[in-house]
Amino acid sequence: MPIKISKETADEQIRQKVKEISGEDFQKCYQCGTCSGSCPMADQITVLPRRVMALLQLGRKEALEEANTHWVCASCHMCVVRCPRGIDIAKVMESLRQLTLRKNEDIINPSEISKEDTAKLPQVAMVSGFRKLTS
Amino acid sequence: MKISYYPGCTLKTKAKNLESSALACLDALGVEYEELPRWNCCGAVYSLSDDDLIHLIAPVRDLIRVQEQGFDTVLTLCSMCYNTLARANELMKNDEVKRGTINDFMDEEPDYKGEIKVVHFLDFIRDEIGWDKLKANVKNPLNGMKLAPYYGCTLLRPGDVSIDKSNSPVVFEECMEALGAEIVKFPKAIECCGSYQVLGNPEAALKVSNDIITEATAFGAEAMALTCPLCDYNLGHRQEEMLKKYEGTKALPMFYFTQLMAVALGVDPENYNLDLNQAVSQEFLKGKNLLEKVST
Amino acid sequence: MTEVKAVEIKAKLIPIYIMGKKYEVPETLTIMKAIEYAGYQYIRGCGCRGGVCGACSTVYRKPGSYKIMSGLACQTVVEPEMYLTQIPFYPAIRSTYTFEKLTGKPEEVFDLYHELFRCVACNACSKVCPMDVEVMDYIAALKRGDIKAAAEISFDCIQCGLCASRCMGELPQYHIAQLARRINGRYLTPQAEHLKTMVANIEAGRYQESLTGLKVMDINMLKETYTAREMEPATGGEDWIPKENIGL
Ligand code: SF4
Ligand code: SF4
Ligand code: FES
């Protein structure tokens, strides 16, 4: 899919915010695709991590918001330990989640977890899940 | 040497089998430990936002408690707790500015500078006991058990808190080998089970967990050793769902590595708490005739 | 009849700020009385006036400090330049349940209050608690399923709700703790044997006869019986036992 670039499509704000929240410089990414090749969720996400980095470099806010990548990312850090440019991609994904969560929006509703699931789930699942997916 | 022990929430309920077996092993190996008298949930995941310090308060508070307790090392069993505590500790050690902010925020607690050493059971056994001593204590070797040790993510990544080489670890295999098991190495042993996505995207988590199990089985594993209650849930307790959804998946017995160690060291079976494992795991162990040997 | 004379108020007047507005009030008053002195009338936010009902939680700040302090309006004495407001109610979530249907498992608490797992251990709750309850600690205990510990740590809670007002995880700590205490009382604490026996005795009609007798007794006879009742003598000593020993 070709990516159209122009002044109008580049959102400087999202680039700045992601840099600020993650403390990472996605500009360093040279598009080798090691992250995409390492991602265990690769076949579950709509945009592979390499492409997320490209979209960030181009400030493609809408495309980033439409992607499910950061919501399916499990913070497993496989891409992080393999990135030849030393970018902490997990932190970049976290910043994309934070852009939504910080608006007081929840991705899952804790109260909706069924009684049956609650009876089975280990506490660590709820602690980590709520941390990552609620505001 | 006496160390502090940090359990983590799940080890007091669903993963009691991880705690009770591990503590029995420590006793058998002559390690002295004392549970932190006052501790809080570490938060399970480390804060990945550069500007978010509030989520570091929980793990740092626990480290302060260890300091108050008077020990210089804290032992963890759950790998999520290990990761969260170890990473928070690294930050407190190395980032002077953030350390200051965090210490100021907790004005009711003494200051902390990252002096505590956070270890996981596996690297503790490797570094403080050694494989030779472990081997020497084996009374009931896991001979002939084709075992696939599964690391998951948080013991190995990111690199600064990894208990071994992030991409090619051996510590888990060496440990289980010392107990007499036949090691089945498989590539996905260091891949993610889906973690907290069991809440956000349960189907995606099921898929990656299923991939891990089928690969281990294809490599010849007849059982898997785990270090984390969340892995145990995703890989173990969700197997029923996998068997229904995926053709060709076979049930794979799951154990906490400390349970297998407890069997090998011949400690009282009461400490295995096998009733918390799935039925297939219980049957598997019975089939191996290992339990009988212990009780006689 | 003795005449009641108006007593002149000698207490010094000090300035305080109620919801941002300045009032001069006698320095000896509690916040609650000061608010009334200033002309407000309580419809909500006041109950027992004795520090046990938790209706009058108040937050305040003293000049020169950013610290938000807390107290019960009926127990805390005003201080000069205090900035204060009451928080009579906090809209924290409160789950409904049929208590008899619970069995006392931690998972039942988790199911009624999933938010429990959003605690970040910031300790703002313990800092604000007017009863000095270690709120964060009882939440930590509950997260690991230790209902008994939570019930014990939260014992002094008066359900004022201030903890919830400060919680960054948006937990209704006090409601969860109340559930824990209920479960602890009913399912986790061993039942007193003598109480069980007594209840069984009563149900079997132990007092039926005397109760029916009392119901038909005329007033004089009632008075007589009352005066003649067996009482513990002032010099009874520790091993005194009533003639009619009911076994409690
Ligand atoms: S625990 Fe909460 S509700 Fe209970 S007294 Fe303390 S602040 Fe009030
Ligand atoms: S205020 Fe809320 S988040 Fe903070 S320690 Fe108390 S319960 Fe936990
Ligand atoms: S009015 Fe009841 S506690 Fe203050």
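Every chain is numbered from 1, with letters handed out A, B, ... down the list of sequences.
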Report summary line: Closest non-hydrogen contact found for B:N167 with A:R82 is OD1-NE, 3.2 Å
Query raised in the report: Say you draw a straight line from OG of A:S95 to CG of B:D52; how long is it, rounded to the nearest 0.5 Å?
Result: 12.5 Å
**Report entry** Flag if over 12 foreign heavy atoms under 6.0 Å of CD, A:E12
**Finding:** yes
Report task. Please state whether the side chain, the backbone, both or neither of A:E24 comes within less than 4.5 Å of a heavy atom of chain B. Result -> neither
Report task. Mark yes or no for whether B:Q197, through its side chain, and A:C73, through its backbone, hold a donor-acceptor pair below 3.5 Å. Result -> yes
Query raised in the report: For the side chain of B:R157 and the backbone of A:V80, is there at least one donor-acceptor N/O pair under 3.5 Å apart?
Result: no
**Report entry** Leading residue by heavy atom contact count with chain A [cutoff under 4.5 Å; candidates B:E203, B:K207, B:H237]
**Finding:** B:K207
Query - Which atom of B:S49 lies closest to which atom of A:Q98, heavy atoms considered - result: OG-CG, 3.4 Å
Query raised in the report: Minimum heavy-atom separation for A:V127 to B:A44, with atom names?
Result: CG1-CB, 3.8 Å
Query raised in the report: Should we say atom CD of A:Q31 is surrounded by more than 12 heavy atoms from elsewhere, each under 6.0 Å from it?
Result: yes
**Report entry** Within 6.0 Å of NZ in B:K12, more than 12 heavy atoms from elsewhere
**Finding:** yes
Query raised in the report: Tell me, side chain or backbone of B:I212 under 4.5 Å from chain A's heavy atoms, or both, or neither?
Result: neither
Query raised in the report: Can you say whether B:C9 sits under 4.5 Å from chain A via the side chain, the backbone, both, or neither, judging by heavy atoms?
Result: both
Query raised in the report: Quick one: what part of A:D43 sits under 4.5 Å from any heavy atom of chain B, side chain, backbone, both or neither?
Result: side chain
Query raised in the report: Rounded to the nearest 0.5 Å, how far apart are NE2 of A:H77 and OH of B:Y46?
Result: 9.5 Å
Query raised in the report: Is the number of heavy atoms from other residues, nucleotides or ligands under 6.0 Å of A:K28 NZ greater than 12?
Result: yes
Report task. Considering non-hydrogen atoms only, spot the tightest contact between B:G159 and A:V81 and give its length. Result -> N-CG1, 4.0 Å
Query raised in the report: Rounded to the nearest 0.5 Å, how far does CG of B:L48 lie from NZ of A:K132?
Result: 4.0 Å
Query raised in the report: Can you tell me how far the CD atom of B:E191 sits from the CE atom of A:M41, to the nearest 0.5 Å?
Result: 10.5 Å
Query raised in the report: Does a side chain donor of either B:Y196 or A:S75 reach within less than 3.5 Å of an acceptor in the other side chain?
Result: yes
Query raised in the report: Roughly how far, to the nearest 0.5 Å, is the NZ atom of A:K91 from the OG atom of B:S47?
Result: 8.0 Å
Requested in this report: Can you establish whether the number of heavy atoms outside B:K93 located under 6.0 Å from its atom NZ is more than 12?
Outcome: yes
Query raised in the report: Looking only at atom types and distance, does a side-chain atom of A:Q44 sit under 3.5 Å from a main-chain N or O of B:N201, one as donor and one as acceptor?
Result: no
Query raised in the report: Around A:E105, counting heavy atoms of other residues, nucleotides and ligands shown, do more than 12 lie under 6.0 Å from its CD?
Result: yes
Query raised in the report: Any sub-3.5 Å donor-acceptor pair from B:K14's side-chain atoms to A:A119's backbone N or O?
Result: yes
Requested in this report: Any chance you could measure A:S22, atom OG, to B:D51, atom CG, to the nearest 0.5 Å?
Outcome: 9.0 Å
Query raised in the report: Which atom pair, heavy atoms only, marks the closest approach of B:G194 to A:A74?
Result: O-CB, 3.9 Å
**Report entry** Greatest number of heavy atom pairs closer than 4.5 Å to chain B - which of A:E94, A:M93, A:M126
**Finding:** A:E94
**Report entry** Carboxylate-amine/guanidinium contact B:D50 A:K19, below 4.0 Å
**Finding:** no
Query raised in the report: Does B:E35 CD have over 12 foreign heavy atoms under 6.0 Å away?
Result: yes
Requested in this report: Could you tell me which portion of B:A15 (side chain, backbone, both or neither) has an atom closer than 4.5 angstrom to a non-hydrogen atom of chain A?
Outcome: neither
Query - Residue selection (most heavy-atom pairs with chain A, distance under 4.5 Å) from B:D211, B:T154, B:I190 - result: B:I190
Query - Where B:T10 and A:P122 come nearest, the two heavy atoms and their spacing - result: CG2-CB, 3.5 Å
Query - side chain to side chain contact (heavy atoms under 4.5 Å, CB included) between B:L199 and A:L121, intermediate numbers included - result: CA-CA 10 Å; B:L199 291 189; A:L121 281 167; 3.7 Å; yes
Query - Working for side chain to side chain contact (heavy atoms under 4.5 Å, CB included), residues A:M78 and B:C153 - result: CA-CA 8 Å; A:M78 196 59 111; B:C153 308; over 6 Å; no
Report task. Could you tell me which of A:I113, A:V92, A:I108 has the largest number of non-hydrogen atom pairs under 4.5 Å with chain B? Result -> A:I108
